[in-house]
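Please read the structure below before turning to the comments.
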Amino acid sequence: MWSDFHERVQVCLNDLKSRVPAAFTPRAVLTLGTGLEGLKERLTGAVSISCNDIDIFSPVASPVHEKSLCLGYWGNVPTAILVGRMHLYEGYHPSQIAMPVNLLASWGADTFIFSNAAGGLDLSMRPGQVMLITDHINLTGHNPLTGSHIPSWGPRFTDMSQTYDRKLLTLARQAAARAGITCHEGVYAGLSGPSLETPAETRMLQMLGAKAVGMSTVLEVIAARARGARVMAVSAITNVNNPENMRPVSLDEIIAVAGRAGQDIERIVSAVLTDAYS
Ligand code: HPA
């Protein structure tokens, strides 16, 4: 892996700054998970950059998802939207997965909202519903803060005692209640994938107290907390996994069902972004 992360991020940052008006500094960052790409349409005055043109996203041989970075305004809030993200299962290194966070935090972003598609582990959930992540279990076996330490990117031994911002969670809850959205809350278990879980693994995750399982988010959240940013994360529950009666899930199904949850996530995120800066 690269030894010159810091320099590469600075070069990327200068390149991105040259593509937008000088007054533009993203404050909020929204990462869109599988099936949730439609939310990027909410940005106004957006400049969209393919991640193939951004060095730190250097594509792996066969990326599973197309990725781009959109810079614009969500209402009045200057926002960066990452359409797609890097996953361990695509072959990216943990510190590379954290690079977009470090890039945008170095630019000045202070609030990171992550969305993802996830499998539900609470049998009261229905596909297409939404879950606010209140905490996580990193079961990937990786951590973006390993390797060479860059002090300006945060402490090596980053505190994770209060990872998901309480105020943002309250705003999200209130927004969901106002809009009549059924909104679950719970612990997200992050795995590396890409194979899905066996019934025994599903049972184990339930015993650990997880309510949703997915293959993203935890490494980016760790990097964002290291940077001292406010973090919120929300899952689109695309399937519900009952260990006593497991059914196969397909990527097509995950994408289609996440799309259905997209409208609810958009409403919640929209209210959070407006209220978080007012
Ligand atoms: N498991 C892991 N990741 C997922 C799932 C699942 O059931 N559904 C969507 N992403």
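Just so you know, ligand 1 is whichever comes first in the structure, and atom 1 is the first atom listed for that ligand.
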inquiry  = Please determine whether the number of non-hydrogen atoms from other residues, nucleotides or ligands lying under 6.0 Å from atom CG of Asn76 exceeds 12.
reply    =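 No.
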inquiry  = If only side-chain N and O atoms count, and only distance matters, is there a donor-acceptor pair under 3.5 Å linking Ser270 with Arg42?
reply    =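 Their side chains do contain a donor-acceptor pair, which is all the 3.5 Å distance test asks for.
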request  = Not counting sequence neighbours, which residues clear salt bridge (Lys or Arg N to Asp or Glu O under 4.0 Å) with Asp275? List them please.
outcome  =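 With sequence neighbours excluded, Asp275 shows a salt bridge (Lys or Arg N to Asp or Glu O under 4.0 Å) to Arg178, given in chain and number order.
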inquiry  = Strictly by side chain to side chain donor-acceptor pair (under 3.5 Å), give each pair with a member in residues 225-235 just once, sequence neighbours left out.
reply    =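 Counting only pairs at least two positions apart or across chains, the side chain to side chain donor-acceptor pair (under 3.5 Å) contacts touching residues 225-235 are Asn102-Arg227, Ser106-Arg227, Thr111-Arg230, Asn116-Ser235.
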inquiry  = Exactly one of Ile137, Val213, Ile133 should register a side chain to side chain contact (heavy atoms under 4.5 Å, CB included) with Val187. Which one does?
reply    =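 Going through the options one by one, the only one that passes is Ile137.
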With the criterion set at N/O pairs under 3.5 Å, what does the list of contacts between the protein and ligand 1 look like, atom names and distances included?
residue  : atom   : partner : partner atom : Å
ligand 1 : 1 (N)  : Glu197  : OE1          : 2.7
ligand 1 : 1 (N)  : Glu197  : OE2          : 3.2
ligand 1 : 7 (O)  : Asn239  : ND2          : 2.9
ligand 1 : 7 (O)  : Asn241  : ND2          : 2.9
ligand 1 : 8 (N)  : Gly119  : N            : 3.3
ligand 1 : 8 (N)  : Thr238  : OG1          : 3.4
ligand 1 : 8 (N)  : Asn239  : OD1          : 2.8
ligand 1 : 10 (N) : Ala117  : O            : 3.4

Only pairs under 3.5 Å count here: list side-chain donor-acceptor contacts from residues 202-209, not counting sequence neighbours, and write none if there are none.
residue : atom : partner : partner atom : Å
Thr202  : OG1  : Thr198  : O            : 2.8
Arg203  : NE   : Glu244  : OE2          : 3.3
Gln206  : NE2  : Leu121  : O            : 2.9

